[in-house]
Engineer: 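Before we start, here is the structure in question, set down as structure tokens.
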Amino acid sequence: MTNVIAPQQIKIGLWRCLKAGVSPEFPEQGTPQGGVVSPLLANIALNGIEDIHPSVRYADDMVFFLKPRDNAEKILERIQQFLAKRGMNISAEKTKITRATAGFDFLGWHFKVQENGKFRCTPSEENYEKLRKKAKAIVNNSALATTAKAKKLSPIIRGWRKYHRYCKMDGSRFSLWHLSYATFKMFLKDKNKGKNEATKLANQAFPAVPYSENKFVMVKGKKSPYDGDLLYWSQRNSSLYNGHTTKALKRQGYKCGHCGHYLDGNEKVHLHHIDGNHDNWKPKNLLAVHESCHDYIHMGKRPKV
């Protein structure tokens, strides 16, 4: 049985979020910037702004695309009028009008149209520096053992590379060659680790992730994760995986091999070895399942204490 939340209940929930405040001591301060409900409130407040001019938006971050004959001042005026009705203003400090050939940053990426007309996307300077500082802080942390450093770096580097997997990632900078080599040299200083062990740990800390520049697939038309087309979103979600997992998803019609529900992206997909032998990679022995289903399967196989 599926419980459906009525629109009125959602409105009440949002109203309570707004009234709750930052803390019981200062209830009048409202919702904190960067809070979990902040993007939702931004989407509600800015709903309809996309009708003013062709644009892309992520919560309150927005880019308008102007053609040479478009009047930037008039478009800004219309945006200001839209915001004024909602008690908001344009931030002069954050608003920038620039040519696509000069490039601009958006959501951690740097977009630019080259003189030859080719579109190019790379990680932004700020985004790269944040990663570098985070990695450096872990590597230089004397309280962590070398193995712990590699283990802590691995998900950070993998996540960063996956986020930028449709960017231009070759070259020593964005391939993280300098960063990985500096990490290797630090690992090499560990007297308990030889060159081979240091190399192995450096490779563990900087896992390879395949990238394909500009090979992203646009969401069709006005598709939404809430439109009920579970097959479409399950197929799209399968592109996040590769190798045996992708093949298993296709064989199973993008449904969980345990519960039978679609693997639509609301949960991670795990690859289950039916016979328990993780060296057996035959297709018949592999099952794509929800993360929670995988936990449930192994819960029943744990020895009783």
Engineer: Measuring from D264:CG to H290:NE2, what's the distance to the nearest 0.5 Å?
Structural biologist: 6.0 Å
Engineer: Say whether S124 and D105, considering side chains only, have a donor N or O and an acceptor N or O under 3.5 Å apart.
Structural biologist: no
Engineer: Just checking, K223 and Y232: is the charged tip under 6.0 Å from the six-membered ring centre and within 45° of the axis?
Structural biologist: yes
Engineer: Distance check, rounded to the nearest 0.5 Å: K185 atom NZ versus S180 atom OG?
Structural biologist: 11.0 Å
Engineer: Please test R173 against E125 for salt bridge (Lys or Arg N to Asp or Glu O under 4.0 Å), starting from the C-alpha separation and ending with a verdict.
Structural biologist: CA-CA 11 Å; R173 184 177 181 80; E125 185 72 26; 2.7 Å; yes
Engineer: Centroid-to-centroid, H164 to F174, below 6.0 Å?
Structural biologist: no
Engineer: Could you measure the distance from the CD atom of E267 to the OG atom of S292? Nearest 0.5 Å is fine.
Structural biologist: 3.5 Å
Engineer: Hey, is NZ on K247 packed in by over 12 heavy atoms from elsewhere, all under 6.0 Å?
Structural biologist: no
Engineer: Under a 4.5 Å side-chain heavy-atom rule over Ile, Leu, Val, Met, Phe, Trp and Tyr, are L176 and I138 clustered together?
Structural biologist: yes
Engineer: Picking from H272, H258, H273, what satisfies ring pair (Phe, Tyr, Trp, His ring centres under 6.0 Å) with H294?
Structural biologist: H272
Engineer: Can we call the ring centroids of Y254 and W233 under 6.0 Å apart?
Structural biologist: no
Engineer: For F111, does the six-membered ring have the charged nitrogen or CZ of R120 within the cation-pi criterion, i.e. under 6.0 angstrom from the centroid and within 45° of the normal?
Structural biologist: no
Engineer: With rounding to the nearest 0.5 Å, note down the distance linking CE in M186 to CG in N141.
Structural biologist: 10.0 Å
Engineer: Do Y241 side-chain atoms and V269 backbone N/O form a donor-acceptor pair below 3.5 Å?
Structural biologist: yes
Engineer: Find the distance between OG1 (T246) and NZ (K250) and round it off to the nearest 0.5 Å.
Structural biologist: 10.0 Å
Engineer: Look at the side chain of R161 and the backbone N and O of S175, then say whether any donor-acceptor pair between them is shorter than 3.5 Å.
Structural biologist: yes
Engineer: Going by heavy atoms in the side chains, are L144 and K152 under 4.5 Å from each other?
Structural biologist: yes
Engineer: When you measure from the side chain of E73 to the backbone of N71, do you find a donor-acceptor pair of N or O atoms at a distance under 3.5 Å?
Structural biologist: no
Engineer: Between atom CZ of R57 and atom OG of S55, what is the distance when rounded to the nearest 0.5 Å?
Structural biologist: 8.0 Å
Engineer: Just so I know, are the side chains of Y163 and L107 near enough to count as touching, which here means a heavy-atom distance under 4.5 Å?
Structural biologist: yes
Engineer: Under 4.5 Å between any side-chain heavy atoms of T95 and L76, yes or no?
Structural biologist: yes
Engineer: Using the six-membered ring of F82, assess whether NZ or CZ of R86 lies under 6.0 Å from its centre and within 45 degrees of the ring axis.
Structural biologist: yes
Engineer: Check for a donor-acceptor pair, side chain of N140 on one end and backbone N or O of A137 on the other, with a separation under 3.5 Å.
Structural biologist: no
Engineer: Does the pair K130 and E126 meet the rule for a salt bridge (Lys or Arg N to Asp or Glu O under 4.0 Å), with working shown?
Structural biologist: CA-CA 6 Å; K130 281 183 180 178; E126 182 183 1; 3.8 Å; yes
Engineer: Using a 6.0 Å cut-off, check whether atom CZ of R251 has over 12 heavy atoms from anything other than its own residue.
Structural biologist: yes
